[in-house]
Amino acid sequence: MPTPSHLNNPLYFDFRAARRVPESHAWTGLDDHPVVDGGAPGSPDAVPVVDLSDGDLAGAAASVASAAEQWGAFLLTGHGVPEELLARVEDRIACMFALPAADKMRAVRRPGDACGYGSPPISSFFTKCMWSEGYTFSPASLRGDLRKLWPKAGHDYASFCDVMEEFHKEMRVLADKLLELFLRALRLTHEQVAAVEAERRIAETMTATMHLNCKLTYADKGRKLTTWRDDVSCVCAGTRAVGLIAHTDSGFFTFVLQSLVPGLQLFRHGPDRWVSVPAVPGAFVVNVGDLFHILTNGRFHSVYHRAVVNRDMDRISLGYFLGPPPHAKVAPLPEAVTPGRAPAYRAVTWPEYMGFRKKAFATGGSALKMVAAGEPDDAGAAVVHQSPPPLVVSSYLFVVLLDMPADARRLKLSRPGRRRQGRGEEEKDTLPLPNRASLAKEEETERLLCLLHCMVESSLASNKMHGRMLSDADQEEDDAMAMA
Ligand SMILES: C=C1C[C@]23C[C@@]1(O)CC[C@H]2[C@@]12CCC[C@@](C)(C(=O)O1)[C@H]2[C@@H]3C(=O)O
Ligand SMILES: O=C(O)CCC(=O)C(=O)O
Ligand SMILES: [Fe+2]
């Protein structure tokens, strides 16, 4: 009987089966700062609430301004998205994550892809793994993408797609409403808001991406996923596992839907602490992202946040990310720049900003600082070299030498699932590598960068899991095979 391929796949981790947190998932430093309750009304740690139910736009804009300036996040209530729809969304997410591992692995996010199943995209920047599984998709291409999870379509596929489309429709309306509130919160006049929109068409071109998270408890196996309607009291886990490590969202703004199981924590300075966001039924948490920080010239600041694993309850959450289309340059709005002050940031596209963020994760620096006005242009993002430098890229699994003989100069990418197969059955994709002459051409250089990116990502993922799954002998065998 062949071993199911997902069990050998270094990208798959069976959270349900884990009896303890393995070293591969054990982080240090998670308790660097105290965790305080953000749900006690009136306390200075109470997460601000913006309520849209009374239709008072001026009042709501004032609340948005103070929350976005001081916290970079707030709870949004009275937003008009029916609670009954949110309950169905959570129910469908739970159903999706409950699919057999092999089904989820069919939809795995490949290196370089934006969408698919797997650990959170930022995982590739860390040597430790996060205690969560995720699924990213673009609501615009939902039905096609989701056939990877449900190849035979069927009831669960249809209901997932129907519910997510209904949700997306509501969210687009809400996103436009919130964008207008944000612009008003910058204290722009009606005319200025209209001018910003006419000129920059932010609302019209804004794109949405959805990322679903599932963080299973490891203390108590076999529980059903808890939906947010269940009446639960919970304890936030202070463990060595983390659901989503501290980060800022990179886009304009994010709506987070967390179930009745809290876990989202916002970082606050003075004194430094993590504030637990209370789980408020039917509310969204709105996070300001880095590109909005830039757009508003730092007046609204992006919020550093993380999601912890709950010791007692499984937890699902959803992030609805809004940002510019990939080609659009984002720069401080002139209307947001205080007279007499220069714009604090240079213009960047979202993909360019992701390049800076990648470098920031690698160096421990700040991506926002890298795009600060006055920083040298080459401070961060991936640079396409015009003349090729001598290149030796080595990682755990791959070594690429540009000066290898032509016939040997092919990169072998192993496919998941090969380890238990006979040698003769190994599945390998072979990609020709550029040579020094072809590197002179710009598109070849770009192709190489893309390849390197793929290699580094897949080798990072493998390395992390290999630490847990493979013996040294296995590792040596792997190395030998990768080099062969
Ligand atoms: C639109 C996006 C924002 C996101 C990267 C992505 O392309 C899709 C997933 C998003 C997410 C969700 C979990 C946290 C996060 C940092 C990550 O790793 O993937 C965010 C990304 C982001 O805000 O940059
Ligand atoms: O799980 C959560 O509550 C947080 C999710 C989050 O930060 C994200 O998806 O970017
Ligand atoms: Fe986030």
Side-chain angles (χ1 to χ4, degrees), residues 38 47 72-73 75 90 93 97 109 112-126 129-141 145 175 206-216 228 234 236-237 241-267 274-280 283-294 302-310 313-326 348-358 360-361 367-368 457 461:
V47 178
L75 279 155
E90 294 218 0
I93 298 175
F97 282 117
R109 195 181 63 250
D113 282 357
C115 295
Y117 171 80
S119 47
I122 45 164
S123 300
S124 60
F125 304 127
F126 298 89
C129 301
M130 296 177 210
W131 199 269
S132 59
E133 48 184 331
Y135 186 77
T136 312
F137 63 94
S138 152
S141 55
D145 286 358
M206 216 160 42
T207 64
T209 309
M210 277 161 79
H211 180 82
L212 318 177
N213 295 293
C214 178
K215 301 167 182 85
L216 297 173
W228 68 304
C234 28
C236 285
V242 67
L244 201 45
I245 196 64
H247 65 279
T248 50
D249 294 342
S250 58
F252 281 159
F253 51 93
T254 311
F255 293 94
V256 177
L257 180 63
Q258 68 171 340
S259 61
L260 255 202
V261 182
L264 180 60
Q265 299 181 343
L266 311 175
F267 186 73
W274 289 105
V275 178
S276 283
V277 182
V280 176
F284 289 109
V285 183
V286 176
N287 291 339
V288 172
D290 291 338
L291 291 182
F292 220 54
H293 184 118
I294 294 173
S302 55
V303 63
Y304 197 51
H305 59 284
R306 67 181 186 179
V308 297
V309 187
N310 192 283
M313 308 299 269
D314 298 336
R315 174 171 187 269
I316 54 182
S317 63
L318 173 154
Y320 188 89
F321 296 84
L322 290 142
V348 273
T349 65
W350 199 351
E352 280 164 1
Y353 186 75
M354 292 302 233
F356 284 106
R357 197 170 69 160
K358 189 170 183 167
F361 273 120
L368 277 175
E457 279 207 342

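Ligands are counted one by one from 1 in listed order, and the atoms in each one are counted from 1 as well. Hydrogens, waters and symmetry mates are skipped; everything else that's a heavy atom, side chains included, is used.
Considering every non-hydrogen atom in both Gly38 and Pro278, the closest pair reads O-CD, 3.6 Å. Smallest separation of non-hydrogen atoms from Ala208 and Tyr320: CB-OH, 3.4 Å. Shown here for Gly243 and Pro120, the closest heavy-atom pair between the two residues is O-CG, 4.4 Å.
With waters neither drawn nor counted, the protein N/O/S atoms under 2.8 Å from the Fe ion (ligand 3) amount to 3.
By the side-chain hydrogen bond (donor to acceptor under 3.5 Å, both in side chains) test, Thr248 is found to be paired with Asp290, residues two or more places apart in sequence or in another chain being considered.
Using modelled atom types, one side-chain atom of Arg109 and one backbone atom of Ser119 make a donor-acceptor pair closer than 3.5 Å. Although no hydrogens or angles enter the test, the distance criterion places a donor-acceptor pair under 3.5 Å between the side chain of Ser138 and the main chain of Ala140. Within the 3.5 Å criterion, the main-chain N or O of Val277 finds a donor-acceptor partner in the side chain of Gln258.
Taking the six-membered ring where tryptophan is involved, the planes of Tyr353 and Phe356 are tilted, since the angle between them lies from 30° to 60°.
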Atom pairs and distances, ligand 1 N/O vs protein N/O under 3.5 Å:
residue	atom	partner	partner atom	Å
ligand 1	18 (O)	Pro121	N	3.4
ligand 1	18 (O)	Ile122	N	2.8
ligand 1	23 (O)	Ser250	N	2.9
ligand 1	24 (O)	Ser250	N	3.4
ligand 1	24 (O)	Ser250	OG	2.6
ligand 1	24 (O)	Arg357	NH1	3.1
ligand 1	24 (O)	Arg357	NH2	2.8

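A 4.5 Å side-chain heavy-atom check between Val303 and Val288 finds every atom pair outside the cut-off. The side-chain heavy atoms of Asn213 and Arg315, taken from C-beta on, include no pair separated by under 4.5 Å. The shortest side-chain heavy-atom distance between Trp274 and Tyr304 falls under the 4.5 Å cut-off. Within the 4.5 Å cutoff, side-chain heavy atoms of Trp350 are placed close to those of Thr207.
Ring to ring, Tyr135 and Phe97 are not that close: their centroids are 6.0 angstrom or more apart.
Near ligand 2, Asn213, Lys215, Leu244, His247, Asp249, Val256, Leu264, His305, Ala307, Arg315, Ser317, Phe321 each place a heavy atom less than 4.0 angstrom from the ligand.
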